[in-house]
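The structure appears right after this line, and notes come after that.
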There are 2 protein chains.
Amino acid sequence: MEIETITIGTVLKRLRLSMKFSQEELAARSSLDRTYISMLERNIKQPTITTVFLLANALNMKPSEFVQQLEEEFDGHTIKRTTI
Amino acid sequence: MEIETITIGTVLKRLRLSMKFSQEELAARSSLDRTYISMLERNIKQPTITTVFLLANALNMKPSEFVQQLEEEFDGHTIKRTTI
DNA sequence: ATGTAGACTAAAGTCGACC
DNA sequence: GGGTCGACTTTAGTCTACA
């Protein structure tokens with residue numbers, strides 16, 4: 001099975017809720033826009049590495065821990081960019 | 001001390017050389033453009049999370065391991081986007 | 001084998017408004 | 001509190017070409 005891009009929506013939402021943050025709170029803590037957080041959770045956008053660091057910090061975890069959770073989501077899948 | 005963005009240049013170049021890959025080889029293995037790899041190594045561009053996954057795969061390592069090396073680079077620093 | 005530059009397109013990320 | 005839309009600016013990422 002192949003996937004097109006790394007989507008962080010499910011992981012991000014789960015982690016945000018586990019911290020009992022609203023999207024607004026997470027946006028404030030990460031210096032990102034609330035509507036953009038919403039888009040990430042709905043897999044409409046994919047973040048840059050800097051954004052991942054900002055989000056992980058806002059969620060009080062290491063970026064590598066955050067990415068580790070993404071890995072599990074895509075374990076066994078082939079990553080493939082849409083435009084290739 | 002503050003930094004503006006997560007730059008992966010040093011880490012990427014070190015890992016690439018440790019695998020004895022040329023930029024061309026890494027570009028082919030990751031389905032990315034050679035000139036773009038060059039820009040990443042010179043910290044002119046920052047990758048998306050999907051690109052990080054592609055690069056990590058090309059380097060035969062887990063994305064979280066790759067990110068872990070980035071963390072060490074920025075340990076103790078405050079991440080701050082330029083546009084904030 | 002790498003740096004750089006220019007032109008290009010897709011997509012990241014912001015912001016205001018409304019439901 | 002969160003989804004969505006539209007308009008916008010900036011940047012990711014491709015490609016050709018030359019040193």
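Here is the naming used below: chain letters follow the sequence lines, and residue numbers restart at 1 for every chain.
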Length of the CD1-P vector between A:Ile6 and C:dA12, whole Å: 13 Å

Starting at CD of B:Glu41 and ending at C1' of C:dT2, how long is that distance when rounded to a whole Å? 9 Å

Lys/Arg N to Asp/Glu carboxylate O, A:Arg16 vs A:Glu25, below 4.0 Å: no

Short side-chain N/O contact from B:Thr51 to OP1 or OP2 of D:dA12, under 4.0 Å: no

What's the closest nucleotide to the side chain of A:Glu24 if the choices are D:dG1, C:dG13, C:dC15? D:dG1

Just N and O in the side chain of B:Ser38: are any of them under 4.0 Å from OP1 or OP2 of C:dG3? yes

Give the cluster check for B:Met39 versus B:Leu54: same hydrophobic cluster or not, with ILVMFWY residues linked at side-chain heavy-atom distances below 4.5 Å. no

Below 4.0 Å: OP1/OP2 of C:dG13 and any side-chain N or O of A:Thr48: yes

Hydrophobic cluster membership, with links at side-chain heavy-atom distances under 4.5 Å among I/L/V/M/F/W/Y: are B:Ile6 and B:Tyr36 in one? yes

Kindly point out which of D:dG2, C:dT2, D:dT14 is positioned nearest to the side chain of A:Arg16? D:dG2

Proximal nucleotide (of D:dA12, D:dG1, C:dA17) relative to the A:Ser22 side chain: D:dG1

Polar side-chain contact A:Arg42-D:dG2 base: donor and acceptor under 3.5 Å: no

Respond yes when some side-chain nitrogen or oxygen of A:Gln46 is under 4.0 Å from OP1 or OP2 of D:dA12, and no when none is. no

Rounded to the nearest angstrom, tell me the gap between atom CG in B:Leu40 and atom C1' in C:dT2. 14 Å

In the single-linkage hydrophobic clustering (I, L, V, M, F, W, Y; side-chain heavy atoms under 4.5 Å), do B:Leu70 and B:Ile44 co-cluster? no

Without decimals, in angstroms, what is the distance between B:Gln23 CD and D:dT14 P? 14 Å

Measure the distance from OH on B:Tyr36 to P on C:dT9 and round it to the nearest whole Å. 19 Å

Check the distance between C:dA11's C1' and A:Ile44's CD1 and give it to me in whole angstrom. 13 Å

Please compare B:Thr35 and A:Ile37 by the position of their nearest nucleotide in DNA chain D and report the one closer to 5'. A:Ile37

Would you kindly give the NZ-to-C1' distance between B:Lys45 and C:dA11, to the nearest whole Å? 12 Å

B:Gln69 (side chain) donor-acceptor with B:Phe66 (main chain) under 3.5 angstrom: no

Any N/O donor-acceptor pair, A:Arg34 side-chain to C:dG16 base, under 3.5 Å: no

Nucleotide C:dG13, atom C1' - distance to CG of A:Leu32 in whole Å: 8 Å

